[in-house]
Asker: 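Next up is a structure, given as structure tokens.
Starting from 1, each residue takes its place in the sequence as its number.
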Amino acid sequence: MKTLKIAIQKSGRLNEKSVEILKNCGLSFENYKSSLISTVTNFPLEILFLRDDDIPEYVQDGIADLGIVGENVIVEAGAEVTYLQKLGFGRCTLKIAIPNESQITEIAQLSGKAIATSYPVILEKYLKENHVNAEVRTISGSVEIGPGLGLSDAICDIVSTGGTLKSNGLKPFSEVMKSEAVLIGKEGSELLPEVQELLQRIRSVLRAKETKYVVLNVAKSNLKKVVDLLPGVKSPTVVPLFDEDWVAVHSVIAEHDFWEKINRLKAAGAQGIVVMPIEKIIA
């Protein structure tokens with residue numbers, strides 16, 4: 001079997017979740033906090049710990065077969081890679097922000113203004129699409145201090161909670177792009193059997209995170225109404241109870257669907273509803 005190489009962030013907001021999803025896939029590895037390379041002992045895989053800005057290039061050039069990195073980093077780098085799977089973590093938004101006292105209300109009013117950013121490629125594309133002729137000033141790190149120091153009239157930066165903007169007297173103005181962590185590969189990597197197996201494991205973990213195992217009791221007279229609300233993976237499992245007039249219904253359902261339907265389930269006669277997490281779902 002081919003030994004794959006996967007590049008993930010060495011430190012930063014995606015590191016912990018990247019390690020977590022790999023470990024949840026049953027991969028065993030150590031020394032990931034003190035080494036630049038870690039070897040998985042139960043799967044043909046080596047993990048490279050890199051700066052996130054380097055990951056798209058490593059994958060594009062074939063130094064790594066796979067990588068976990070934010071979409072914003074890929075787009076900024078202009079890397080020619082294949083998107084294999086969105087991972088559901090590291091969600092954020094690249095936004096233009098302006099000082100709280102700014103009188104700007106429309107994107108066109110940014111023409112002639114200076115915007116500080118660490119993402120000049122993405123920002124310039126966005127401004128061009130919106131026919132805005134602004135000056136893009138590239139700053140590495142601490143972009144939010146640009147307006148306060150008189151370096152720019154606005155900034156364009158990653159926003160997660162908005163706390164950093166608020167503490168620097170800024171307010172979000174315009175959304176440039178949404179981003180989340182994705183699994184990427186070099187062209188053709190998805191055809192490798194080792195990549196297909198790893199992808200299956202990752203997708204099983206992701207499906208489990210979004211799904212709950214539900215057990216409830218219902219009178220047989222109300223069974224059809226409850227079953228219609230709980231489709232399960234294929235269909236719910238119905239188990240007889242000691243009381244011949246009642247059954248237990250076991251089902252797998254997307255969590256957001258469950259919370260939308262819980263009151264309808266209760267109204268249909270469901271009782272003793274138990275919701276449990278699922279570790280893996282194998283398609």
Asker: Tell me whether Q271 contacts the main-chain N or O of N217 through its side chain, where contact means a donor paired with an acceptor under 3.5 Å.
Answerer: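 Side chain of Q271 to backbone of N217: no pair is present.
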Asker: Between I98 and I104, is the side-chain contact (heavy atoms from CB on, under 4.5 Å) condition met? List the steps.
Answerer: CA-CA 8 Å; I98 56 178; I104 294 175; 4.2 Å; yes
Asker: So, E210 side chain and A208 main chain: donor-acceptor pair closer than 3.5 Å or not?
Answerer: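 Checked: no pair found.
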Asker: Is S152 close to I115 at the side-chain level, that is, under 4.5 Å between some pair of heavy atoms?
Answerer: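 They are not in side-chain contact.
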Asker: Salt bridge or not between E124 and K128? Use side-chain N to carboxylate O under 4.0 Å.
Answerer: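 Looking at E124 and K128, the cut-off is not met.
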Asker: For atom CD of E16, is the number of surrounding heavy atoms from other residues, nucleotides or ligands below 6.0 Å larger than 12?
Answerer: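 No, CD of E16 has 12 or fewer neighbouring heavy atoms, counting only those of other groups under 6.0 Å.
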Asker: Among V69, V73, V81, whose side-chain contact (heavy atoms from CB on, under 4.5 Å) with I55 holds?
Answerer: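 Only one of V69, V73, V81 forms a side-chain contact (heavy atoms from CB on, under 4.5 Å) with I55, namely V69.
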Asker: Show the nearest heavy-atom pair for residues G269 and N222, with the distance to one decimal.
Answerer: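 Shortest heavy-atom contact: CA-ND2, 4.0 Å.
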Asker: Which residue pairs satisfy the ring pair (Phe, Tyr, Trp, His ring centres under 6.0 Å) criterion with at least one member in residues 130-156, sequence neighbours excluded?
Answerer: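 Every pair satisfying ring pair (Phe, Tyr, Trp, His ring centres under 6.0 Å) with a residue in residues 130-156: there are none.
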Asker: Please check: side-chain N/O of R137 versus main-chain N/O of L151, any donor-acceptor pairing under 3.5 Å?
Answerer: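 Pair found, side chain donor or acceptor close to backbone of L151.
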Asker: Just by distance, no angles: are the side chains of D52 and Q9 close enough, under 3.5 Å, to form a donor-acceptor pair?
Answerer: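 Judged by distance alone, the side chains do pair up.
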Asker: Look only at the side chain of T3 and the backbone of P44, and say whether a donor-acceptor pair between them is shorter than 3.5 Å.
Answerer: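 Here the side-chain-to-backbone pair does not exist.
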Asker: Keeping D65 on the side-chain end and L4 on the backbone end, is there a donor-acceptor pair under 3.5 Å?
Answerer: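 It does not hold such a pair.
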Asker: Given the rule in the side-chain contact (heavy atoms from CB on, under 4.5 Å) test, do V121 and V75 qualify, once you have shown the distances and angles that lead to the verdict?
Answerer: CA-CA 8 Å; V121 173; V75 175; 5.8 Å; no
Asker: Find out whether L183 and L199 are in side-chain contact, i.e. whether some heavy atom of one side chain is under 4.5 Å from a heavy atom of the other.
Answerer: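 Side chain of L183 against side chain of L199, heavy atoms only: contact under 4.5 Å found.
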Asker: N42 vs F29, test: side-chain contact (heavy atoms from CB on, under 4.5 Å). Steps then yes/no.
Answerer: CA-CA 8 Å; N42 59 348; F29 55 94; over 6 Å; no
Asker: Spell out, as yes or no, whether a donor-acceptor pair under 3.5 Å connects the side chain of K2 to the backbone of P193.
Answerer: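 Between the backbone of P193 and the side chain of K2 there is no qualifying donor-acceptor contact (under 3.5 Å).
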Asker: Taking the side chain from E71 and the backbone from E180, do they hold a donor-acceptor pair closer than 3.5 Å?
Answerer: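 Answer holds: yes.
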Asker: I'd like to check C156 versus V176 (side-chain heavy atoms, cut-off strictly below 4.5 Å). Are they in contact?
Answerer: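 Touching, per the 4.5 Å side-chain cut-off.
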Asker: Give a yes or no on this: more than 12 heavy atoms of other residues, nucleotides or ligands lie within 6.0 Å of atom CD of Q109.
Answerer: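 Counting neighbours around CD of Q109, more than 12 heavy atoms of other residues, nucleotides or ligands fall under 6.0 Å, so yes.
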Asker: With a cut-off of 6.0 Å (strictly less than), are more than 12 heavy atoms of other residues, nucleotides or ligands near CD of E187?
Answerer: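 No, because the 6.0 Å sphere around CD of E187 holds 12 heavy atoms or fewer from other groups.
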Asker: Any side-chain heavy atom of L165 sitting closer than 4.5 Å to one from K171?
Answerer: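 They are not in side-chain contact.
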Asker: Between V40 and L22, does the side-chain contact (heavy atoms from CB on, under 4.5 Å) criterion hold? Intermediate values first, please.
Answerer: CA-CA 10 Å; V40 175; L22 293 177; over 6 Å; no
Asker: Decide if atom CD of Q103 counts as having more than 12 heavy atoms of other residues, nucleotides or ligands within a radius under 6.0 Å.
Answerer: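 Result for CD/Q103: open.
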Asker: With distance as the sole test, does T93 use its side chain to make a donor-acceptor pair with the main-chain N or O of K95 at under 3.5 Å?
Answerer: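 No, T93 side chain to K95 backbone: no donor-acceptor pair under 3.5 Å.
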Asker: Looking only at non-hydrogen atoms, find the nearest pair between L66 and S189 and report the distance.
Answerer: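 Reported closest heavy-atom pair: CD2-OG, 4.2 Å.
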Asker: Return the minimal non-hydrogen interatomic distance between A7 and L50, and the atom names on each side.
Answerer: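 Scanning both residues, the minimum pair turns out to be CB-CD1, 3.6 Å.
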Asker: Looking at every heavy atom in both A116 and I139, which two are closest together, and how far apart are they?
Answerer: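 Shortest heavy-atom contact: CB-CD1, 3.5 Å.
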Asker: Is E76 reaching over with its side chain to a backbone N or O of I122, donor-acceptor style, under 3.5 angstrom?
Answerer: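 Yes, E76 side chain to I122 backbone: donor-acceptor pair under 3.5 Å.
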Asker: Apply ring-ring contact (aromatic ring centres under 6.0 Å, His included) to Y213 and list each qualifying residue two or more places apart in sequence or on a separate chain.
Answerer: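 Y213: ring-ring contact (aromatic ring centres under 6.0 Å, His included) contacts with H250.
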Asker: Determine the minimum heavy-atom distance between L14 and G70, stating which atoms define it.
Answerer: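 L14 and G70 have their closest heavy atoms at CD1-N, 3.6 Å.
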Asker: Please check if atom CD in E80 has more than 12 non-hydrogen atoms from other residues, nucleotides or ligands closer than 6.0 Å.
Answerer: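 At most 12 heavy atoms, drawn from other residues, nucleotides or ligands, come within 6.0 Å of this atom.
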